[in-house]
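Shown next, in C-alpha cells, is the structure this report addresses.
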Amino acid sequence: DNMISWQTASGGWPKGYTLDRPRKPGEKAQWGGVATFDNGATHTEMRLLARAYRVTRRQNVLESINRGIDFLLAAQYANGGYPQRVPPPNTYAKHITFNDNAMTSVLRLLRDIAGSDEFGFVDAERRAKAGAAFERGIDCILKCQVIVDGRPTGWCAQHHMQTLEPVGGRSFELPSLSGGEGAAIVLLLMEIENPTPEIRRAIEGAVSWVERVK
C-alpha cells in the first residue's frame, strides 16, 4: 500500500522515497517526484507488485500494475529508446539511457509482461503492446551500437534521443564506450531466442571489442 501511494500521476515511480509509510498529500520524492528508471525505480516496483497480485488478487494492486504498464508504453520514444526520467527534462536525462542498466531493465520487464507467467494475469492487449515495445527497444539497441572502422563495438551510457549518437551525462561523464552497461546489453541480447543475424553480429562484435580492450 505504501508503494502504491508513491506511484506518480503518470504511472511510474520516483526514486528516493521511503517504504515505511505512505506518501503524504503533496509530498515529493527526489527530483521533485518525477517518475524515473534510474537506480531501479519503476521496474522494481512493477515486479514486486506482480508478485503481490498473484498472491492477493487485490484490485488496487492490479490497477497499479496496469497504470505502470501504460506508463512504460507511453514513455518509450518512437525510435524505441527510453529516457532516464519521464517527462524528460531538458538535461542529459532526456537522452536514451543505458546508464545503471535503466533501459535494459525496462526491456526485460516488457519482455516478461509480454510472455512470462509472472505477468500471466495481464490482459492480452497490454501484453501484445509490451511485446511490440520490446522489439522496438531491441531495434534501438542495435542502431545505437557504436561502429568503429566498420566494426561494431560497444555502447555508451547515454545516446542522443534523436540521432542516437553518443552523448555525455553529468559534467564529469564524457561520451565514452561503457564496459558495464555494454555487458548488460550483450547479456540481454543473448537471452533472445532465435536471434536474427543482426543481433548475432551485435553480440559477436561487442564481445570481440571487449577482448581487444581488456
Side-chain angles (χ1 to χ4, degrees), residues 10-12 35-38 40-47 49-50 65-88 93-147 152-167 178 181-207:
S10 64
T36 183
F37 305 115
D38 192 44
T42 298
H43 54 87
T44 301
E45 284 87 353
M46 293 284 292
R47 291 193 184 277
L49 288 173
I65 293 169
N66 285 338
R67 287 178 57 213
I69 295 173
D70 293 343
F71 167 77
L72 295 177
L73 298 173
Q76 189 176 40
Y77 290 141
N79 59 21
Y82 275 91
Q84 185 200 67
R85 305 175 211 170
V86 181
K94 68 184 177 182
H95 294 304
I96 295 168
T97 302
F98 297 118
N99 188 48
D100 291 337
N101 302 331
M103 181 163 156
T104 51
S105 297
V106 172
L107 291 185
R108 278 195 172 90
L109 177 60
L110 288 168
R111 177 199 62 193
D112 292 345
I113 291 170
S116 169
D117 290 342
E118 181 183 3
F119 290 90
F121 56 84
V122 175
D123 61 89
E125 182 178 359
R126 284 189 172 91
R127 299 197 88 181
K129 288 181 178 180
F134 173 77
E135 296 296 336
R136 287 193 297 272
I138 294 299
D139 183 62
C140 178
I141 283 176
L142 298 181
K143 291 177 179 176
C144 284
Q145 190 171 22
V146 178
I147 307 299
T153 61
W155 291 263
C156 299
Q158 288 91 208
H159 287 254
H160 193 278
M161 60 186 292
Q162 295 175 329
T163 68
L164 308 185
E165 294 176 338
V167 292
S178 174
E181 280 79 6
I185 291 171
V186 171
L187 290 173
L188 173 62
L189 295 178
M190 290 174 66
E191 293 169 9
I192 296 175
E193 296 184 15
N194 303 315
T196 63
E198 292 77 15
I199 293 174
R200 289 177 178 270
R201 181 174 182 266
I203 294 169
E204 292 167 357
V207 170

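Basis for what follows: all heavy atoms, side chains included, without hydrogens, waters or symmetry-related copies. From a predicted model like this one, the values you see are computed outputs, not experimental measurements. Here, residue 1 is the first one in the sequence, and each next residue gets the next number.
- The shortest distance between side-chain heavy atoms of Ile113 and Phe134 does not fall below 4.5 Å.
- Between the CZ atom in Arg200 and the CD atom in Glu198 there is a gap of 11.0 Å [rounded to 0.5 Å].
- Residues Arg201 and Pro152 are in side-chain contact: their nearest non-hydrogen atoms beyond the backbone lie under 4.5 Å apart.
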Stepwise, does the side chain to side chain contact (heavy atoms under 4.5 Å, CB included) test hold for Leu72 with Thr42? CA-CA 9 Å; Leu72 295 177; Thr42 298; 4.2 Å; yes

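- Residues His159 and Phe98 bring their aromatic ring centres within 6.0 Å.
- Looking at heavy atoms from C-beta onward, Val167 lies out of side-chain contact with Ile96 at the 4.5 angstrom threshold.
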Derivation of the side chain to side chain contact (heavy atoms under 4.5 Å, CB included) call for Asn66 and Asp123: CA-CA 9 Å; Asn66 285 338; Asp123 61 89; 4.3 Å; yes

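- At a threshold of 4.0 Å, the pair Lys129-Asp70 does not count as salt-bridged, since none of the basic side-chain nitrogens sits closer than that to a carboxylate oxygen.
- Between Leu189 and Pro195, every side-chain heavy-atom pair lies at or beyond the 4.5 Å cut-off.
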Kindly determine whether Val86 and Phe37 satisfy side chain to side chain contact (heavy atoms under 4.5 Å, CB included), including the steps that lead there. CA-CA 9 Å; Val86 181; Phe37 305 115; 4.1 Å; yes

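- Judged purely by atom type and a 3.5 angstrom limit, Gln76 uses its side chain to pair as donor or acceptor with the backbone of Ala133.
- Remark: side-chain polar atoms of Thr196 are paired, donor with acceptor, to backbone N or O of Ile199 under 3.5 angstrom.
- We find that Lys143 and Asp139 are joined by a salt bridge, their nearest charged nitrogen and carboxylate oxygen being less than 4.0 Å apart.
- At a threshold of 4.5 Å between non-hydrogen side-chain atoms, the residues Lys94 and Tyr77 count as touching.
- Trp155 places no side-chain N or O within 3.5 Å of a backbone atom of Glu181 that could act as its donor or acceptor partner.
- Among residue pairs with one or both ends in residues 77-88, none qualify as salt bridge (charged side-chain N to carboxylate O under 4.0 Å, His left out); sequence neighbours excluded.
- Contact check for Leu110 versus Arg136: no side-chain heavy atoms found under the 4.5 Å cut-off.
- Put simply, the side chain of Met46 reaches to within 4.5 Å of the side chain of Ile69, judged on heavy atoms.
- Note that the CD1 atom of Ile138 and the CD1 atom of Ile141 stand 4.5 Å from one another [nearest 0.5 Å].
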Verdict with reasoning, Arg47 to Phe119, per side chain to side chain contact (heavy atoms under 4.5 Å, CB included): CA-CA 9 Å; Arg47 291 193 184 277; Phe119 290 90; 4.2 Å; yes

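- Asn101 places no side-chain N or O within 3.5 Å of a backbone atom of Thr104 that could act as its donor or acceptor partner.
- Looking only at distances, a side-chain donor or acceptor of Thr36 sits under 3.5 Å from a matching main-chain atom of Gln84.
- Here Ile185 contributes atom CD1 and Gln145 contributes atom CD; the two are 8.5 Å apart, rounded to the nearest 0.5 Å.
- More than 12 non-hydrogen atoms from other residues, nucleotides or ligands lie less than 6.0 angstrom from CD of Glu191.
- Checked by atom type and distance alone, the side chain of Ser116 never pairs as donor or acceptor with a backbone atom of Ala114 at under 3.5 Å.
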